[in-house]
Amino acid sequence: MNVTSFLENIEFKDNKPAVSILMETDFSKEIRIVFKKGQVMKDHKAPFTIIVQVIKGSIDFGIKEELLLLNEGDLISLESNVLHNLKAKEESVVRLTLSKLDSVKRVESV
């Protein structure tokens with residue numbers, strides 16, 4: 001059993017969103033991404049299906065030509081290889097669920 005909190009021990013980075021792995025299970029990796037207002041994760045793709053949930057704050061979530069405003073509690077899933085980006089409308093904490101086969105290093109490099 002693993003127990004953790006997305007809202008404890010939050011640390012912001014000045015130049016880009018802070019990415020940390022909070023939990024790894026037999027089937028997934030649970031990642032916390034912490035944004036200062038205005039920080040961006042530029043266009044990128046994931047090699048596997050992902051799930052993104054806004055735990056705190058709000059983000060603009062860009063998918064191809066569409067821009068969605070995701071607020072606290074909102075959840076979205078994306079199929080593999082879909083181009084997307086994120087921009088924090090305010091200080092935000094985001095949960096990213098990755099496939100066990102995906103790499104946290106890939107997310108950190110965005």
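By the 4.5 Å heavy-atom criterion applied to side chains, K42 and N85 are not counted as neighbours. By the 4.5 Å heavy-atom criterion applied to side chains, L83 and H44 are not counted as neighbours. Between K29 and M23, every side-chain heavy-atom pair lies at or beyond the 4.5 Å cut-off. Contact of the L70 side chain with the S58 side chain is not registered, since no non-hydrogen atoms from C-beta on lie closer than 4.5 Å. At a threshold of 4.5 Å between non-hydrogen side-chain atoms, the residues D60 and L68 do not count as touching. With contacts defined as side-chain heavy-atom distances shorter than 4.5 Å, the pair F35/L86 qualifies. At least one side-chain heavy atom of L75 sits under 4.5 Å from a side-chain heavy atom of I51. Taking the side chain as every heavy atom from C-beta outward, K87 and F61 never approach each other to under 4.5 Å.
If you chain together hydrophobic residues whose side chains sit under 4.5 Å apart, I55 and V52 never meet in one group. Note on V19 and V40: separate hydrophobic clusters, where clusters join Ile, Leu, Val, Met, Phe, Trp and Tyr whose side-chain heavy atoms are under 4.5 Å apart, directly or indirectly. A continuous path of ILVMFWY side-chain contacts below 4.5 Å connects V107 to V82, so both sit in one hydrophobic cluster. The hydrophobic cluster containing V94 does not contain L67, counting ILVMFWY residues as joined when their side-chain heavy atoms lie under 4.5 angstrom apart, directly or transitively. In the hydrophobic cluster analysis, where Ile, Leu, Val, Met, Phe, Trp and Tyr join through side-chain heavy atoms closer than 4.5 angstrom, M41 is grouped apart from V93.
Checked for salt-bridge contact, K36 and E91 miss the test: no charged N lies under 4.0 Å from a carboxylate O.
With hydrogens and angles disregarded, no donor-acceptor distance shorter than 3.5 Å links the side chain of K56 to the backbone of V34. Between the side chain of R106 and the backbone N or O of K45, at least one donor-acceptor pair lies under 3.5 Å.
Here the shortest heavy-atom pairing between L98 and S103 reads CD1-O, 4.1 Å. L22 and R32 make their closest contact through CD1-CB, 3.7 Å (heavy atoms, listed as atom of the first residue, atom of the second, distance). Between A46 and H84, the shortest heavy-atom distance links the atoms N-CE1, 4.3 Å. Taking both residues in full, the closest heavy atoms of D26 and K100 are given as O-CG, 4.0 Å, listed atom of the first, atom of the second, then distance. Across all non-hydrogen atoms, the minimal contact from A18 to K13 is CB-CG, 3.9 Å. When all heavy atoms of V54 and N71 are compared, the closest pair comes out as CB-O, 3.4 Å.
Summarising the geometry, atom CG belonging to L69 is positioned 6.5 Å from atom NZ belonging to K89; distances are rounded to the nearest 0.5 Å. In this structure, F27 CZ and T97 OG1 are separated by 8.5 Å, a value rounded to the nearest 0.5 Å. For the atom pair CD (Q53) and CZ (F6), the distance works out to 8.0 Å, reported to the nearest 0.5 Å. Interatomic distance, S20 OG to L96 CG, rounded to the nearest 0.5 Å: 11.0 Å. For the atom pair E72 CD and D74 CG, the distance stands at 9.5 Å (nearest 0.5 Å). Taken from CG in L78 to CZ in F48, the straight-line distance is 15.0 Å, to the nearest 0.5 Å.
For N9, the CG atom is loosely surrounded, since the number of other residues' heavy atoms within 6.0 Å does not exceed 12.
Residues E90 and S92 bring no donor and acceptor atom of their side chains to less than 3.5 Å of each other.
Pairs passing the ring pair (Phe, Tyr, Trp, His ring centres under 6.0 Å) check and including a residue from residues 85-110, sequence neighbours excluded, do not occur.
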